[in-house]
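One structure is given below, encoded as structure tokens.
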Amino acid sequence: MFYFIFNEYINAFYFECTNLFNLKLFWKNLDLLFPNLNIHSLFFISTFLTHALSLKPVFLIAGFENSPIYSKISNPSLYPECPSGKHPILIKDHKNFNTNFLLQYPYCVAKLFRVELNSKTGKVEQLPGITTESISIGDPSFFSDTFGSIFSKIKEIGYQANKNFFGVSYNHFLHPVTSYSVFYKLKNKIEQVYSQTGEKSIFISFDQGSNFISMFLSNYSKSEWVSKYIDSVIFLSPTFAGLPSLSNLYSQNFSPFISNSEIKKSMMRMPGFLMSLPNYAIYENFSFDGKYKRYNVSESFEILKELRKVDDESEKIFKTTVEKHLKTAIPEPPISSLIITN
């Protein structure tokens with residue numbers, strides 16, 4: 001069951017993009033997103049968190065830009081625009097981008113974040129010989145700044161890193177294409193921790209991490225497995241409705257990436273940005289004025305096509321990997337869940 005809590009003053013930073021989306025409409029259409037929505041008092045929050053602080057294993061799931069990202073090139077000869085060594089390339093740590101690398105190898109960066117549709121397998125994949133990923137499951141201290149007082153409180157009551165307290169990171173730019181390997185590792189880790197502690201795990205997700213963990217719970221995992229191994233999930237400032245990615249897709253750039261023809265090609269195909277387009281179910285009855293006509297929010301990708309900001313390969317990637325998730329309301333997980341936004 002979903003439980004939803006929000007403050008009187010809502011700071012929905014993910015609705016900033018081009019003033020296309022009406023926040024009041026989001027609240028009005030919550031029943032589309034969560035058909036069995038219940039709003040409880042702060043007394044319930046206290047009860048929920050007290051239950052959550054019973055030293056059950058806790059997994060923090062990072063938001064957009066919170067994960068460190070590395071790249072590996074197994075055959076450097078295929079990519080002369082990249083460094084020749086086979087050592088992992090640091091793209092960004094948990095706080096900052098490796099600007100020296102981005103400045104020195106701008107065309108390499110484009111290839112490291114490029115995906116394409118494999119015509120033989122029908123799957124969207126990275127370029128041959130390139131793996132761009134995060135550290136997956138590990139030390140939660142990477143997210144101490146992101147989760148702030150929540151992180152401090154968890155440590156204060158006795159949780160120990162890599163014993164009953166973990167961080168989950170992933171490549172947010174290429175989510176969900178590169179997330180399935182993280183799902184696999186996460187599932188194995190949860191089962192391992194359960195066998196050691198006998199306790200079900202709790203997820204605390206933030207920002208785009210809410211989308212990541214919702215997909216893990218409702219699309220990747222079977223409900224029987226979730227019920228056996230997961231106690232509950234908390235969504236902090238979730239991005240179920242979308243993020244202001246339309247401006248990035250329109251500009252075909254993302255700071256601090258260096259703008260060039262290759263990075264623009266990679267940007268228009270990045271599933272992480274395409275995934276953060278508005279959810280059709282939430283904005284089903286909402287439209288906005290374009291240059292020549294009114295558009296339904298479900299036509300966001302079509303607008304990018306008309307503006308020539310995406311190509312045919314982008315459309316194939318969007319149709320294969322992304323659009324199916326935008327078409328449907330966010331599934332209710334088969335466990336207790338709490339949504340908090342501010």
Side-chain angles (χ1 to χ4, degrees), residues 48-70 88 90 92-95 133-172 174-176 178-222 225-239 333-340:
F48 187 96
L49 294 180
T50 299
H51 173 68
L53 296 177
S54 61
L55 293 188
K56 295 178 183 293
V58 170
F59 289 79
L60 301 181
I61 297 88
F64 197 82
E65 289 192 70
N66 298 137
S67 295
I69 296 177
Y70 303 85
L90 174 65
K92 70 176 295 293
D93 59 25
H94 62 292
K95 290 185 177 180
E133 58 188 358
S134 192
I135 57 175
S136 300
I137 320 298
D139 192 342
S141 63
F142 282 125
F143 311 133
S144 58
D145 291 341
T146 301
F147 288 91
S149 58
I150 295 174
F151 182 92
S152 301
K153 187 65 177 179
I154 291 173
K155 294 285 288 184
E156 179 185 320
I157 63 175
Y159 276 90
Q160 299 179 41
N162 292 315
K163 182 178 180 181
N164 56 5
F165 188 27
F166 308 91
V168 181
S169 55
Y170 56 97
N171 183 351
H172 44 270
L174 302 185
H175 170 71
T178 57
S179 294
Y180 291 98
S181 61
V182 184
F183 290 162
Y184 177 79
K185 295 174 184 177
L186 177 58
K187 185 175 182 180
N188 287 341
K189 188 65 176 181
I190 289 169
E191 292 176 355
Q192 176 189 347
V193 174
Y194 181 84
S195 67
Q196 295 170 346
T197 66
E199 295 280 3
K200 296 182 180 182
S201 294
I202 294 170
F203 293 136
I204 304 178
S205 63
F206 171 70
D207 189 66
Q208 193 191 45
S210 58
N211 182 288
F212 172 93
I213 207 62
S214 174
M215 191 176 296
F216 173 78
L217 290 171
S218 300
N219 298 93
Y220 179 82
S221 305
K222 294 182 178 179
W225 183 92
V226 175
S227 298
K228 179 177 179 180
Y229 291 104
I230 309 301
D231 177 84
S232 50
V233 57
I234 300 174
F235 301 106
L236 300 174
S237 297
T239 60
I335 51 174
S336 296
S337 53
L338 173 67
I339 301 173
I340 303 176

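All values below come from the heavy atoms of this structure, side chains included, with hydrogens, waters and symmetry mates left out. Everything numeric here is computed off the predicted structure, so don't read it as measured data.
- Open room surrounds NZ on K95; 12 or fewer heavy atoms of other groups in view lie less than 6.0 Å from it.
- Aromatic ring orientation, F206 versus F147: perpendicular (interplanar angle above 60°, classes split at 30° and 60°).
- A side chain to side chain contact (heavy atoms under 4.5 Å, CB included) with Y170 is found for one member of Y180, F183, F212 and no other, namely F212.
- Looking at every heavy atom in both residues, S337 comes nearest to F235 through CB-CE1, 4.1 Å.
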**Request:** Could you walk me through whether N162 and D139 pass side chain to side chain contact (heavy atoms under 4.5 Å, CB included), step by step?
**Result:** CA-CA 6 Å; N162 292 315; D139 192 342; 4.3 Å; yes

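- Among all heavy-atom pairs drawn from P68 and H94, the shortest one is CB-N, 4.0 Å.
- Taking the six-membered ring where tryptophan is involved, the planes of W225 and Y229 are tilted, since the angle between them lies from 30° to 60°.
- Between the side chains of S169 and S134, at least one donor-acceptor pair of N or O atoms lies under 3.5 Å.
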**Request:** Go through E199 and Y194 one step at a time and tell me if the side chain to side chain contact (heavy atoms under 4.5 Å, CB included) criterion holds.
**Result:** CA-CA 5 Å; E199 295 280 3; Y194 181 84; 5.8 Å; no

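- The side chain to side chain contact (heavy atoms under 4.5 Å, CB included) with F216 is formed by just one residue from the set N211, V182, I190; it is I190.
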**Prompt:** Does the pair V58 and I154 meet the rule for a side chain to side chain contact (heavy atoms under 4.5 Å, CB included), with working shown?
**Reply:** CA-CA 9 Å; V58 170; I154 291 173; 4.1 Å; yes

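- Partner of F203 under the side chain to side chain contact (heavy atoms under 4.5 Å, CB included) criterion, out of I230, V168, I234: I230 alone.
- For the pair S221 (side chain) and L217 (backbone), a donor-acceptor distance under 3.5 Å is absent.
- Put simply, the side chain of T178 never gets that close to the backbone of E133: no donor and acceptor are under 3.5 Å apart.
- Side-chain atoms of K92 come within 3.5 Å of backbone N or O of S67 as a donor-acceptor pair.
- In this view, K228 satisfies the salt bridge (charged side-chain N to carboxylate O under 4.0 Å, His left out) rule with no residue, not counting sequence neighbours.
- Remark: I69 CD1 to H172 NE2 distance equals 4.0 Å, nearest 0.5 Å.
- For the side chain to side chain contact (heavy atoms under 4.5 Å, CB included) with I202, the lone residue among D231, L60, I335 that qualifies is D231.
- A ring-centre distance under 6.0 Å is not found for F142 and F151.
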